[in-house]
Every structure is written in C-alpha cells, then in structure tokens.
Amino acid sequence: MKIMLIGRTGTGKTSFKQAMQNEPLSYKKTQAIEFSDNIIDTPGEYVDNRSFYRALIVTSVETDVVILFQDCIDKTLWFAPDFSSMFGSKPVIGIVTKIDIAEAKENIDCAYDSLLQAGCSTVFMVSNTEGTGIEQAKKYILSLDSHKGI
C-alpha cells in the first residue's frame with residue numbers, strides 16, 4: 001500500500017514519515033516529491049501554490065491513501081472545503097500535528113475542523129516529537145489495506 005503526504009511546509013509530513021518508519025526524527029526540508037518505500041512525501045509548496053495541484057493529482061494516481069496535514073499552531077487554514085475531491089474515491093485522512101505545543105485547545109479544534117471540511121474521513125491528533133497518536137494513525141492506515149482491498 002502506498003500513502004501520499006500533503007501539507008504546508010513545516011507541518012510535520014517528513015517527521016511523520018520518519019516516525020511511521022521507526023526512523024530517528026531529523027528535520028529535513030523536502031525539496032521535491034520523494035518516494036521512500038511505500039510513502040510519498042510532497043513539498044509544502046505544492047499546497048501553497050495552486051499551479052502545483054496538478055502534480056498532486058498526477059502523483060496520487062499511484063497511491064492508495066492520501067493524508068492531509070494541518071498543524072495546530074499555524075492559524076492559516078490551507079485546505080479549501082472538499083479539497084479531497086481532487087483525489088477521486090481514494091481514502092483521505094487528516095493529521096493534526098504539533099498538538100504538544102498548541103497554544104489552546106481551540107487551535108487543535110480549528111485544525112481538526114479544517115481537515116473535516118477538506119473531506120478527510122478520519123482525523124488523528126499527533127505529536128511527532130512525543131510520539132503521541134502515531135501508532136493509532138499507523139494502525140488505522142494499515143487497516144485500510146485489509147478492509148478496502150488496497
């Protein structure tokens with residue numbers, strides 16, 4: 001099963017990938033679409049600039065699950081309502097990151113609601129640095145493989 005990570009620069013996509021693959025966390029700016037085992041990591045600029053949406057759509061053809069990332073310390077909501085519809089019928093889940101450094105619960109709730117409005121079927125709250133929520137998200141992603149015939 002292949003998953004694709006989409007989110008703004010600094011939302012924790014690469015850190016989540018490292019946590020999912022049981023690698024040590026180390027910050028690395030993703031400069032281009034990176035393929036690592038079964039995870040496709042996309043640059044944050046692909047969300048910032050609509051002209052890159054085509055690259056997201058084309059890359060998603062090779063994926064089974066799309067994951068949208070919204071960090072809860074950035075109060076800017078980057079995904080338009082129903083953003084997930086560009087990926088057809090693929091499962092799209094959401095990850096709210098940086099919950100360990102959120103200024104207020106309302107920030108977490110806002111990020112959560114944003115991902116639901118973007119069309120995510122399920123949203124997980126994670127802290128890549130503390131490991132919170134990683135195993136639950138990983139377990140859910142793996143369950144999609146067995147339940148949907150992916």
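Position 1 is the first residue of the sequence, and the numbers go up from there.
In this structure, the side chain of K2 does not engage the main chain of N38 through any donor-acceptor pair within 3.5 Å. Judged purely by atom type and a 3.5 angstrom limit, D37 has no side-chain atom pairing as donor or acceptor with the backbone of I39. The main-chain N or O of T11 is found under 3.5 Å from a side-chain atom of T97 such that the two form a donor-acceptor pair. Checking side-chain atoms of D100 against main-chain N and O of S127 turns up no donor-acceptor pair under 3.5 Å. Looking at S114, its side chain never comes within 3.5 Å of a backbone N or O of C110 through a donor-acceptor pair. At least one donor-acceptor pair closer than 3.5 Å links the side chain of S85 to the backbone N or O of D82. Remark: the backbone N or O of T76 is paired with a side-chain donor or acceptor of Q70 at under 3.5 angstrom. A donor-acceptor pair is defined here as one N or O able to donate and one able to accept, closer than 3.5 Å; such a pair exists between the side chain of S60 and the backbone of I57. Counting only distance, with no hydrogens or angles, the side chain of T42 and the backbone of L5 share a donor-acceptor pair below 3.5 Å. A donor-acceptor contact shorter than 3.5 Å is absent between the side chain of S84 and the backbone of V92.
Residues R8 and D74 are paired through a salt bridge, judged by an N-O separation under 4.0 Å between the basic side chain and the carboxylate. Under a 4.0 Å N-O distance rule, the pair D71/K98 qualifies as a salt bridge.
Contact check for I33 versus D41: no side-chain heavy atoms found under the 4.5 Å cut-off. Inter-residue side-chain proximity for T63 and I40 is flagged as met; some heavy-atom pair is nearer than 4.5 Å. At least one side-chain heavy atom of M125 sits less than 4.5 Å from a side-chain heavy atom of I108. When side chains are defined from C-beta on, L144 does not count as touching D64, because their heavy atoms never get closer than 4.5 Å. Annotation: side chain of I6 is in contact with side chain of V47 (closest heavy-atom distance under 4.5 Å). Counting heavy atoms from C-beta outward, P43 and T9 have side chains that stay 4.5 Å or more apart.
Note: F79 CZ to Q117 CD = 13.0 Å, rounded to the nearest 0.5 Å. With rounding to the nearest 0.5 Å, the separation of OH in Y112 from NZ in K105 is 10.0 Å. For the atom pair D109 CG and C72 SG, the distance stands at 10.0 Å (nearest 0.5 Å). With rounding to the nearest 0.5 Å, the separation of CG in N128 from CD1 in I99 is 9.5 Å. To the nearest 0.5 Å, atom SG of residue C120 and atom CD1 of residue I93 are 8.0 Å apart. Note: Y46 OH to R54 CZ = 12.5 Å, rounded to the nearest 0.5 Å.
Taking all atoms of both residues into account, the shortest heavy-atom contact from S36 to K17 is OG-NZ, 3.9 Å. Residues T122 and Y140 share a closest heavy-atom pair of OG1-OH, 3.1 Å. The shortest heavy-atom contact between V61 and K90 is O-NZ, 3.7 Å.
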Take E34 and T14, measure what side-chain contact (heavy atoms from CB on, under 4.5 Å) needs, and give me the verdict at the end.
CA-CA 10 Å; E34 293 184 2; T14 301; 5.8 Å; no
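Between F69 and F124, the distance separating the two ring centers is not shorter than 6.0 angstrom.
Paired with V96 under the rule side-chain contact (heavy atoms from CB on, under 4.5 Å), one option of N107, V126, L115 passes, and it is L115.
Hydrophobic clustering of Ile, Leu, Val, Met, Phe, Trp and Tyr side chains at less than 4.5 Å, counting indirect connections, keeps L68 apart from F16. Placement of L116 and I67 in two distinct hydrophobic clusters is found when ILVMFWY residues are connected by side-chain heavy-atom separations under 4.5 Å, directly or transitively.
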